[in-house]
Amino acid sequence: MVSSAWVWGVAASAALVHAATLDDVCTTAYVQAALPLDVLTGITIDSSSVVVSATKNYSSSSGDFFGAATFDYCGVQLAYSHDGIDDDQVLLMFWLPAPDKFQNRYLSTGGGGMAINSGNSSLPGGVMYGAVAGATDGGFGSFDLDEDDVFLAANGTIDYEALYMFGYKAHHEMSVIGKQFTRNFFNMAESKKLYAYYQACSEGGREGWSQIQRYDDWDGAVVGAPAFRYAFQQVQHLWSDMAMKNEDYYPPPCELTKILNMTITACDPLDGVTDGVVSRTDLCKIHYDIEKTIGEEYYCAATSGSGYGKRATTPAQSGKVSAKGVAVAKAIIGGMKDSNGKQVYLSYQPSATWSDAGTTYNSTTDSWELSVSGIGADWVDRYLDLIDSESLSLDGVTEDTLKTWIYEGWQRYDSVLQTTWPDLSTYHGAGGKILHVHGESDFSVPAASSVRYWESVRSVMYPDLSYTASAAKLNEWYRLYLIPGAGHCSPSTDQTNGPFPQTTLQVLINWVEKDVTPSTLPATVLQGSEEGKSWELCAWPLRPLWTNKGTKFECVYDQASIDTWHWDLNAWSLPVY
Ligand SMILES: *[C@@H]1O[C@H](CO)[C@@H](O)[C@H](O)[C@H]1NC(C)=O
Ligand SMILES: *[C@@H]1O[C@H](CO)[C@@H](O)[C@H](O)[C@H]1NC(C)=O
Ligand SMILES: *[C@@H]1O[C@H](CO)[C@@H](O)[C@H](O)[C@H]1NC(C)=O
Ligand SMILES: *[C@@H]1O[C@H](CO)[C@@H](O)[C@H](O)[C@H]1NC(C)=O
Ligand SMILES: *[C@@H]1O[C@H](CO)[C@@H](O)[C@H](O)[C@H]1NC(C)=O
Ligand SMILES: [Ca+2]
């Protein structure tokens, strides 16, 4: 579907492209000639919107998902609109490698929080592998605006176009446009394979699943800690507050930190090696009771921070871990329940920081007070009550209110944000591969959420096979790796010797392009005294274990441990995938 104008452009420059330098092709005229004008019905690409600039010897720093790199690239920003919608403009940003570095690859990148992109920061992760890398602004008005900035057209009125763009439309459009633009720009023959990939974490992980569940645009995807099962995930951020409210106890942060520290110390050796990392939070659940922390003394020095979150100014805190503090911690780990004690949702693993359980110091009363989760408030105020504010109060709110909020969001956004469709036949049928990673000590999206989804896909797609047979089948194309000690989309601040998989896209490329099926996933310690040390991560449902006094590493099958990851959400009569 290449336009005739472009065919002429190719003819004129075909011989040139292979020998071309970045400066030859990184021009407005060349880019305009390479635009895939007719690639999607209902979309009009604005040729005059094209902004092109070449950047030489660009150095990107080392991130959690890819290492440092230095490269030349051509930055291309363009705009398109949806036919029939007024004042509609979607911006795309592509970074294209120099012609001699291009390796027939395309990479879509995603956002985090309520953002659909990560600015330019994820793009080096593609260019360094010879891929064109793309980001979208979702049509929200600029790369800096988040979905919740534009979600409400007015109080009470949803901007459904923005919602659906965020939900899944924008990424599909970017992939289709980006792939054809890549082919045109590098003058790829029709018969030549362009490998398409995805890499993002958190909300970006949800965005990845939104595509894998619907399309076969990509040959492979690296999805990290996806913020999916959205209606549950967002309300879940309010459960820690609810747990405190139910106990009518608002612990000083230091008290919870003491419980965390003691949990890490006690559970660290259960995986067979005492290295400061709880690689087996399941064994921690089975063998460690945090009641043992009651009466232990804690102390934290005063902090004077910049006023953001827990880094706000706090007084020195000291005392003994209380029974109420432990009850709050147990309720958090135990997950959301309704007033009948039925299980509404799953929760974080022991050894995750108590990120949702933030309390605020009130100097007038010299006491700690409830501080409602901002993510939870954003969800209930904007997405459920449709009010443009973040003023949620939990006065009068009960466990059953939380359950009602989940149900309301689940119904309203099931087709757009929930993102747990478990039948991946389309993607799998086209040969697509998935590497799904999740920090086992994630404090924002529970690691058990990813396990639940993998298990849903397994049981829906292989209903007639035994557990181990279906797990093996699924692992042929979709593998889930839990990352010992890691927090949310990055290494932990409390378990600094823990690894992080920094080369996952390379592993995926080898799987897709060279048919090298990964077994364990390589990871590296990215900080602290063991920085640079290599690890291997185990593919679910296998679990890591060191035997022979910590000298022998294995990925073992341990039914009792696996069982701890399976939550019976018996508060619902519908399946929760
Ligand atoms: C590229 O940048 C690096 C530092 O980032 C510098 O050492 C090197 O000289 C530069 N090369 C060129 C060709 O400019
Ligand atoms: C993103 O990259 C483009 C192309 O190099 C550049 O023009 C733009 O300023 C970058 N944006 C940011 C926020 O750095
Ligand atoms: C928790 O452990 C960290 C070291 O990982 C230490 O810096 C901190 O002081 C400890 N906090 C408490 C309350 O014990
Ligand atoms: C601190 O507590 C006092 C007394 O209950 C209350 O009036 C005040 O609003 C609180 N301050 C903040 C910042 O919440
Ligand atoms: C929307 O409602 C909130 C809460 O009542 C109010 O603070 C805000 O001003 C309203 N916004 C508009 C644009 O009316
Ligand atoms: Ca350990």
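Counting starts at 1 for both ligands and their atoms, following the listed order. Computation of the quantities below employed the complete heavy-atom set of this structure, encompassing side-chain atoms and omitting hydrogens, waters and symmetry-equivalent molecules.
Atoms of ligand 1 lying under 4.0 Å from at least one heavy atom of Ser59, given by number and element, are 5 (O). For ligand 3, the atoms closer than 4.0 angstrom to any heavy atom of Cys254 are 13 (C). Close contacts of ligand 4 with Glu369, meaning ligand atoms under 4.0 Å from a residue heavy atom, involve 1 (C), 2 (O), 14 (O). Those atoms of ligand 4 that come under 4.0 Å of a heavy atom in Asn362, given as number and element, are 1 (C), 2 (O), 3 (C), 8 (C), 10 (C), 11 (N), 12 (C), 14 (O). Per-residue contacts place Cys300 under 4.0 angstrom from the following atoms of ligand 3 (heavy atoms of the residue considered): 13 (C).
Aromatic ring orientation, Trp565 versus Trp540: perpendicular (interplanar angle above 60°, classes split at 30° and 60°).
Looking at every heavy atom in both residues, Phe443 comes nearest to Gly487 through CE2-CA, 3.9 Å.
With 3.5 Å as the limit, one finds no donor-acceptor pair spanning the side chains of Ser449 and Gln233. In this structure, a donor-acceptor pair under 3.5 Å is absent between the side chains of Thr564 and Ser561. With no hydrogens or angles considered, no side-chain donor-acceptor pair links Gln199 and Tyr129 at under 3.5 Å.
Polar contact with ligand 3: present for Asn261 (N/O pair, distance under 3.5 Å).
For atom 9 (O) of ligand 3, the nearest protein heavy atom lies 4.0 Å away or farther. There is no protein heavy atom closer than 4.0 angstrom to atom 4 (C) of ligand 1. The nearest protein heavy atom to atom 13 (C) of ligand 4 is not closer than 4.0 Å.
With respect to the salt-bridge test (charged N to carboxylate O, under 4.0 angstrom), the residues Asp289 and Lys330 qualify. The pair Arg543-Asp558 does not meet the salt-bridge criterion, since no charged nitrogen lies less than 4.0 angstrom from a carboxylate oxygen.
Of the protein's non-hydrogen atoms, Asn57 ND2, 1.4 Å is the one closest to atom 1 (C) of ligand 1.
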